[in-house]
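Worksheet: the structure to be examined is printed underneath.
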Amino acid sequence: MIRLFNIEWEKLKSYRAFWVMVILYLFILATIIFGLPAFLDFLASKTDDNVAIKAFKLIVFNFPDIWQNISYVASMRAFIKIILAIIVVIIITNEFTFLTIRTNILSGLSRTEFLLGKMEVIFMLSLLSTAAIFLSGLYLGLTNSSVITAGAIIGKTVYLLAYFIEVFTFLMFAFLIAVLVKKTGFSVIILLLYPLIEVIIQYNFIPENFHKYLPLNAMNHLIWSPNTSLIKVKTPEFNMDFQEFLSFSDVVVCLLYGVFFTTIIYFYLKKKDL
Amino acid sequence: MNAVLSIERLTKRYGHIHAIDQLDLEVEKGSIYGLLGPNGSGKTTTLGIILDIIKPNEGSYRWFGNEPSHHSRKRIGGTLEHPIFYPYLSAENNLRIIARIKEKPFDNIGEILKTVELFDRKDDKFRTFSLGMKQRLAIASALIGNPEVLILDEPTNGLDPQGIAEIRNLVIKIANDGISVILASHLLDEVQKMCTHVAVLKKGKKLYSGPVDEVLAMSDTIELGANNPEILVNALLDFDGIKNLHKEGNLLVGKCAEGVSASDVNEFLIEKGIVLSHLNLRKKTLEDQFLEILHQSK
Ligand SMILES: Nc1ncnc2c1ncn2[C@@H]1O[C@H](COP(=O)(O)OP(=O)(O)OP(=O)(O)O)[C@@H](O)[C@H]1O
Ligand SMILES: [Mg+2]
């Protein structure tokens with residue numbers, strides 16, 4: 001395992017474009033996460049009647065709900081995490097366009113090891129993303145939350161695990177596209193168009209009961225809404241459901257997709273000429 | 001038996017094209033094995049299969065007498081067709097990746113880079129290299145981790161004459177250390193200088209395989225000249241020691257049958273009362289034999 005990661009690390013550590021994209025991703029993530037409270041502060045400072053705004057800020061960034069809210073924003077469909085997916089597509093398609101997968105294999109890497117090595121990179125990227133969410137959540141919670149007790153801080157951190165699973169599965173999806181398409185530009189276009197394609201398929205071919213089992217929906221359904229335990233707004237005009245807890249079956253469906261993507265990649269790499 | 005590599009009835013089809021067709025091959029330990037054949041005859045395909053880049057349709061191969069696996073590939077140094085590296089990484093970085101894959105230390109990377117004369121460019125990115133430098137780096141990558149077998153697909157492609165000579169000497173030196181070499185090349189005079197064995201492929205089929213000495217001994221080309229060519233031709237009709245007799249300019253050229261020497265021919269003609277103005281046993285080259293083998297297969 002360490003050996004496979006060392007091999008991948010050797011490929012990435014001096015790859016400038018990779019680090020530029022990772023930093024860009026973290027920058028955009030931070031801008032959005034930290035931008036919201038800053039924006040709310042800005043709004044509050046512009047008006048005297050700012051009680052509602054202040055209350056809103058309080059409930060969004062209150063422990064423990066902050067974990068759900070922040071991971072909800074960071075994991076929304078193919079929004080911010082698409083940048084990570086593009087990074088994955090680039091490092092995979094590079095191996096095919098530069099044919100370096102051949103030198104990897106002929107030098108003594110098995111095709112399974114190639115898959116595992118890339119999965120380790122994807123694991124680390126997901127971990128990095130989760131760590132970024134965790135640290136910014138911790139900071140925003142500590143500076144904004146009205147309750148700061150160990151129990152409140154730890155409560156709902158399970159959403160971070162769900163976030164990790166969702167990002168990891170999404171990146172495996174990007175891996176699959178990259179392996180099947182092989183060309184960087186094409187893969188990125190397909191990745192960007194896929195959310196649209198899925199919506200079209202959903203409304204034309206899939207019975208409503210099954211909508212939530214389409215890949216992107218399934219991943220997205222892990223954390224499907226923000227929530228707050230402080231106020232529950234429910235009026236005839238504003239009648240929206242909030243996610244109260246993580247559903248075990250959602251996690252299973254998402255993980256099954258992860259296994260499914262991995263299996264296709266595995267058999268594809270096993271059988272094909274490189 | 002001491003076979004490093006044995007290939008049995010290997011077949012690879014691309015649509016209706018047989019890239020290789022029922023190929024059998026055996027490479028013995030310590031030999032320098034030349035894989036010859038015109039463009040598209042299946043050399044790269046064969047090397048690709050034994051390095052697990054290409055999946056065959058039929059047949060099998062064994063490395064070191066065992067079922068092939070990625071572990072056997074760690075004992076092999078290989079290049080395939082064009083030099084392949086991460087363009088955005090330095091030469092040294094690229095070699096470190098290969099050392100990591102082979103689970104070999106980095107210590108001798110500097111040494112290897114010196115061998116192929118790239119040491120002072122080790123920190124430059126691969127994409128800034130000239131074709132010859134890329135080719136040298138490919139050879140360097142094959143040398144990592146003291147392989148027991150070296151597979152080189154047209155290793156001298158793009159090299160300058162000095163580079164070609166250096167590679168030749170390097171291959172010979174490597175083989176003297178007991179390392180087996182499998183080499184696909186179009187430079188037949190180089191192959192002749194280096195190789196102990198050759199196989200000739202055409203359209204995926206093996207036309208010939210054997211020791212280089214044997215190929216060269218297969219038949220000699222003889223040149224004959226006389227003041228009166230007509231008489232010479234007529235005289236030679238009775239002599240069955242020369243085949244394929246034909247005219248080349250003022251000379252008659254043919255192949256000596258096995259065991260027939262120039263003096264046999266001369267003796268025969270003298271008995272007939274013919275005096276030769278020219279008698280030459282052409283220095284046989286692998287190229288001649290190669291073209292001959294291909295010609296006969298038509
Ligand atoms: N990926 C492929 N798809 C279709 N046909 C292929 C493919 N690769 C090789 N071929 C065909 O297989 C045959 C053998 O090709 P190969 O590259 O092995 O030849 P070669 O002996 O290495 O030739 P060269 O001397 O030009 O390098 C050729 O007819 C080629 O067109
Ligand atoms: Mg070739």
Side-chain angles (χ1 to χ4, degrees), chain A residues 1-22 87 89-118 120-121 178-179 182-184 265-274, chain B residues 12-14 19 44-45 47-57 63 68-104 106 123 125-127 137-138 141-142 144-145 147 149 151 153:
Chain A
M1 286 293 119
I2 298 280
R3 163 175 167 258
L4 296 182
F5 187 75
N6 281 338
I7 293 168
E8 295 305 317
W9 179 247
E10 201 71 57
K11 296 175 188 171
L12 293 176
K13 68 175 188 199
S14 334
Y15 183 16
R16 275 266 303 282
F18 172 76
W19 293 109
V20 168
M21 288 185 294
V22 168
I87 297 175
V89 161
I90 289 172
I91 59 180
I92 305 291
T93 50
N94 272 355
E95 302 274 9
F96 288 98
T97 45
F98 300 131
L99 299 175
T100 42
I101 184 171
R102 289 189 184 173
T103 37
N104 282 204
I105 301 300
L106 71 80
S107 302
L109 203 66
S110 76
R111 291 165 188 233
T112 312
E113 284 175 336
F114 180 84
L115 167 63
L116 289 175
K118 292 298 183 214
E120 286 181 22
V121 174
V179 165
K182 295 195 176 69
K183 299 267 180 283
T184 313
I265 300 169
Y266 173 81
F267 282 107
Y268 187 86
L269 287 177
K270 263 271 181 284
K271 294 269 175 293
K272 283 281 175 172
D273 293 349
L274 299 175
Chain B
K12 176 68 182 179
R13 289 181 293 266
Y14 292 108
T44 301
T45 306
L47 299 182
I49 290 174
I50 60 178
L51 291 169
D52 193 33
I53 303 301
I54 299 170
K55 298 287 183 188
N57 296 104
W63 278 114
S69 77
H70 63 287
H71 295 298
S72 42
R73 267 176 277 136
K74 287 177 194 159
R75 300 162 65 182
I76 301 164
T79 68
L80 211 53
E81 236 159 15
H82 316 287
I84 297 170
F85 293 97
Y86 298 90
Y88 45 80
L89 298 180
S90 72
E92 191 181 12
N93 203 170
N94 268 299
L95 295 189
R96 285 164 66 100
I97 293 171
I98 289 165
R100 283 234 191 256
I101 292 174
K102 291 190 173 303
E103 301 183 77
K104 297 287 156 59
F106 296 154
D123 295 323
K125 294 199 177 6
F126 174 70
R127 68 159 170 264
L137 190 63
S141 74
I144 284 178
V149 187
I151 294 182
D153 192 1

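The figures here come from the full heavy-atom set of this structure, side chains too, leaving out hydrogens, waters and symmetry mates. In the text below, chain A, chain B and the rest are named by the order of the sequence lines, each starting its count at 1.
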Measure [X] against the heavy atoms of chain B and call it side chain, backbone, both or neither at under 4.5 Å.
X: A:N94; answer: side chain
X: A:K271; answer: backbone
X: A:R16; answer: neither
X: A:E8; answer: neither

Pair B:R100 + B:E103, salt bridge at N-O below 4.0 Å =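 Looking at B:R100 and B:E103, the cut-off is not met.
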Between the OG1 atom in B:T44 and the CD1 atom in B:I54, the distance rounded to the nearest 0.5 Å is 8.0 Å
From the list B:I53, B:D52, B:L51, the residue making the most non-hydrogen contacts under 4.5 Å with chain A is B:I53
Who wins among B:H82, B:K55, B:K74 for the most heavy-atom pairs under 4.5 Å with chain A?
-> B:K55
Quick check: does any side chain N or O of B:R73 sit under 3.5 Å from a backbone N or O of A:I105, one acting as donor and the other as acceptor?
->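 Here the side-chain-to-backbone pair exists.
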Without swapping roles, check the side chain of B:W63 against the backbone of B:S69 for a donor-acceptor pair under 3.5 Å.
-> no
B:F106 and B:L95: side chain to side chain contact (heavy atoms under 4.5 Å, CB included), yes or no, with the steps?
-> CA-CA 9 Å; B:F106 296 154; B:L95 295 189; over 6 Å; no
So what's closer than 4.5 Å to chain A heavy atoms on [X]: side chain, backbone, both or neither?
X: B:I84; result: both
X: B:K12; result: side chain
X: B:Y14; result: side chain
X: B:F85; result: backbone

Could you check whether the rings of A:F98 and B:Y88 sit parallel, tilted or perpendicular, using 30° and 60° as the cut-offs?
-> perpendicular
Taking side chain as C-beta onward, heavy atoms only, is B:V149 less than 4.5 Å from B:R75?
->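 No, their side chains stay 4.5 Å or more apart.
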Would you check if A:L4 and A:L109 make a side-chain contact, meaning some heavy-atom pair closer than 4.5 Å?
-> yes
If you tally heavy-atom pairs under 4.5 Å between each of A:E113, A:R3, A:K272 and chain B, the highest tally belongs to A:R3
